Amino acid sequence: MNPKHLIIFCLLLIQLECLSQKDNKRIKLSEISLQTGLFLESNTTASLEQFKNLAPQSTILESDLTEYSQSISNQFNGFSMNSLQAGFVIKDKKSKEFKNNRIFKIGITQLRSAPLSSAYHRFSELRYDTLISSSTGQVLFLDSMITQFYTMNYTSSQIRLDLALVFSSSSAARLGISGGVGITAGTSFNSGADITYVRSARNQETDQYGEPVEDYVENYSHQSQIENVSSGNCTGASVYLPLSASFRIGEKENIWNKLHVFCEFRPGVNFSFIPGIRTIANGSAQVGFGLNLKV
């Protein structure tokens, strides 16, 4: 995680903690958690023109793709994720006591998103020679089988403000579960389009019935070209449901009694606001493991 982002988060945390230390405080710091894991996101298939707008300086996309077929896919991409959050509890107006099972979390999350992708393919068969046996009259054909692919992916690293309201089980129990609702919003850096062209060709000998000749040794060739084109940054946001299970490490009254290990699953919807492109909404999930310190 970028040190600048950690500094900003620490300053915000100090300010909130100072407010909670007042005599008439209504909020107080209850926990700090750190987790790492995977951010999974389905991608949306974009058009060729959209990728040309994202990467106008690409030389690969200058090729004529009118005879190519677009592949439609909706797969999940996974990238690393890191999150740092502080949890606060709020005093109930009627009982004048803090509700320890209702936690408001604020923090920062760093992730990488790949909301857009596209692929075009073409298969062609070219007969370049015909052989006729002088002794048997058998006819053999020499064909060149050519497969070409263009793949495009738009990715961006993002830093987001992360807010959540979580309801947890009893804090006295060693095993705990929690659930709630959360939102994130932030900006991106290192955004760009990864564009790849692959061409593979092989020679094949077949008889007059279209069957390959078994003792023929195929000649195979492969070539590829890759571009990483920088593009304008985007804005990202998400809504999610934080679902977690935790385990308190220690039982005695010491530091281990305040330390929990936890795993968290966040199903949700991720939004990408890309300049020059429409707003993209994709299904997402975050899976993380971390440490939680009760204060």
Side-chain angles (χ1 to χ4, degrees), residues 1-9 36-66 68 70-84 107-122 148-162 183-199 222-238 268-286:
M1 189 170 290
N2 194 310
K4 292 182 179 179
H5 303 144
L6 288 176
I7 293 173
I8 294 173
F9 175 76
T36 185
L38 286 177
F39 176 74
L40 306 172
E41 180 185 16
S42 64
N43 54 28
T44 296
T45 300
S47 67
L48 178 61
E49 291 304 317
Q50 287 177 319
F51 267 98
K52 286 184 176 181
N53 291 335
L54 287 171
Q57 61 271 51
S58 170
T59 58
I60 295 179
L61 296 185
E62 293 176 355
S63 304
D64 183 9
L65 303 185
T66 54
Y68 286 72
Q70 186 177 26
S71 302
I72 306 298
S73 65
N74 190 15
Q75 62 184 8
F76 269 80
N77 295 312
F79 297 95
S80 63
M81 169 279 307
N82 297 288
S83 179
L84 177 63
I108 53 175
T109 294
Q110 184 180 17
L111 54 86
R112 189 161 183 82
S113 173
L116 285 178
S117 69
S118 189
Y120 289 81
H121 67 275
R122 177 189 179 191
Q148 299 176 85
F149 286 97
Y150 288 84
T151 60
M152 298 150 248
N153 291 283
Y154 174 79
T155 63
S156 66
S157 296
Q158 300 185 14
I159 185 73
R160 297 183 181 181
L161 179 65
D162 194 341
I183 60 172
T184 69
T187 187
S188 69
F189 58 96
N190 295 335
S191 300
D194 300 322
I195 304 168
T196 303
Y197 167 71
V198 176
R199 181 186 187 276
H222 178 87
Q223 67 182 73
S224 62
Q225 185 181 355
I226 300 175
E227 287 182 341
N228 303 106
V229 183
S230 298
S231 61
N233 290 325
C234 67
T235 301
S238 69
V269 180
N270 190 64
F271 301 93
S272 299
F273 308 95
I274 306 172
I277 310 294
R278 61 186 175 88
T279 299
I280 307 298
N282 293 327
S284 65
Q286 182 174 307

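Keep in mind that this is a model prediction, so the values were computed, not measured.
Using a 4.5 Å heavy-atom threshold, the side chains of D194 and I226 count as separate. For the pair F273 and C234, the minimum side-chain heavy-atom distance is 4.5 Å or more. Inter-residue side-chain proximity for S63 and Y68 is flagged as unmet; no heavy-atom pair is nearer than 4.5 Å. S238 is listed as a side-chain neighbour of R160, based on a closest heavy-atom distance under 4.5 Å. Side-chain contact between R122 and L65: absent, with no pair of heavy atoms (C-beta onward) separated by less than 4.5 Å. In this structure the side chain of F39 reaches within 4.5 angstrom of the side chain of N270, judged on heavy atoms. Looking at heavy atoms from C-beta onward, T44 lies in side-chain contact with R278 at the 4.5 angstrom threshold.
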message = Before you tell me yes or no, could you show the steps for S284 and Q286 under side chain to side chain contact (heavy atoms under 4.5 Å, CB included), namely the whole-Å CA-CA distance, both residues' side-chain angles and the distance that decides it to 0.1 Å?
response = CA-CA 7 Å; S284 65; Q286 182 174 307; over 6 Å; no
task = Please test N233 against Q158 for side chain to side chain contact (heavy atoms under 4.5 Å, CB included), starting from the C-alpha separation and ending with a verdict.
result = CA-CA 9 Å; N233 290 325; Q158 300 185 14; over 6 Å; no
message = Apply side chain to side chain contact (heavy atoms under 4.5 Å, CB included) to residues E41 and L111 and explain how you reach the verdict.
response = CA-CA 11 Å; E41 180 185 16; L111 54 86; over 6 Å; no
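We find the CG-CG distance between N77 and L38 to be 11.5 Å, quoted to the nearest 0.5 Å. Atom OG1 in T196 sits 6.5 Å away from atom CD1 in I60 (nearest 0.5 Å). Put simply, CD1 on I280 and OH on Y154 are 10.5 Å apart, with the number rounded to the nearest 0.5 Å. Considering OG1 of T155 and CG of N190, their distance stands at 9.0 Å, rounded to 0.5 Å. Note that CG of L61 is 10.5 Å distant from CG of N53, once rounded to the nearest 0.5 Å. Distance NZ/K52 to CD/Q57: 13.5 Å, rounded to 0.5 Å.
Defined by atom type and a distance below 3.5 Å, a donor-acceptor pair is missing between the side-chain atoms of S231 and S191. Counted by atom type alone, S117 and N43 present one or more donor-acceptor pairs between their side chains at under 3.5 Å. Between the side chains of T36 and N82, a donor-acceptor pair is found at a separation under 3.5 Å. Side chains of E49 and S47: no donor on one and acceptor on the other come within 3.5 Å.
Checking side-chain atoms of Q50 against main-chain N and O of I277 turns up no donor-acceptor pair under 3.5 Å. Remark: the backbone N or O of S80 is not paired with any side-chain donor or acceptor of Q110 at under 3.5 angstrom. The backbone N or O of T151 sits nowhere less than 3.5 Å from a side-chain atom of S118 that would complete a donor-acceptor pair.
Paired with Y197 under the rule ring pair (Phe, Tyr, Trp, His ring centres under 6.0 Å), one option of Y150, Y120, F149 passes, and it is Y150. For the side-chain contact (heavy atoms from CB on, under 4.5 Å) test with L54, the passing option among I195, V229, L116 is L116; the others fail.
V269 and A281 make their closest contact through CG1-CB, 4.4 Å (heavy atoms, listed as atom of the first residue, atom of the second, distance). Residues S157 and R112 share a closest heavy-atom pair of OG-NH1, 2.6 Å. Here the shortest heavy-atom pairing between P115 and I274 reads CG-CD1, 4.3 Å.
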